[in-house]
Amino acid sequence: YQRRVHGVTNKVCTVQYFVWYLSLMPIALSRLDIRRPISYVVAAVGAAAWAASLGLWFWYAYQLEFLGINTYMSIWVAGLLFFGSNVALITFFLAHYRAPLAMGKKAN
């Protein structure tokens, strides 16, 4: 989770951060305690919001870089949405985190 927080709050978001997110995702998912059905819905909505905000940011960045269209304000708003969706996902992960058991202790 620390790597994700670092990537979210950094000034520059590069492909390297996405590689980190995806490579560490199985470990993070194995530590989530999602037993209620509503948690699955919240997780799916959060993941969709993250993907949509990233796609929006990519779209405006493409228009700026390759088509020469002035989209600075749109990129800024898409960046805010992307940041907000990342913070929401981090909050979800932290709220549903299940700490690993210490050696010799039994689960309840």
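Computation of the quantities below employed the complete heavy-atom set of this structure, encompassing side-chain atoms and omitting hydrogens, waters and symmetry-equivalent molecules. Just so you know, these numbers come straight off a predicted model, no measurement behind them.
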At their closest point, which heavy atom of W50 faces which heavy atom of L89, and how far apart are they? CB-CD1, 3.7 Å
Apply side-chain hydrogen bond (donor to acceptor under 3.5 Å, both in side chains) to T91 and list each qualifying residue two or more places apart in sequence or on a separate chain. none
Out of curiosity, I27 CD1 to L32 CG, how far, rounded to the nearest 0.5 Å? 12.5 Å
If you define the side chain from C-beta out and look only at heavy atoms, does anything of V42 sit under 4.5 Å from F92? yes
First locate atom CG of L81, then atom CG of N86, and finally report the distance between them rounded to the nearest 0.5 Å. 11.5 Å
Table please: side-chain donor-acceptor pairs of residues 64-73 below 3.5 Å, with sequence neighbours left out.
unit_1 : atom_1 : unit_2 : atom_2 : d
N70    : OD1    : Y72    : N      : 3.4
T71    : OG1    : Y60    : O      : 3.0

Who passes side-chain hydrogen bond (donor to acceptor under 3.5 Å, both in side chains) against S74, sequence neighbours left out? none
Check whether any side-chain heavy atom of F93 lies under 4.5 Å from a side-chain heavy atom of L29, and answer yes or no. yes
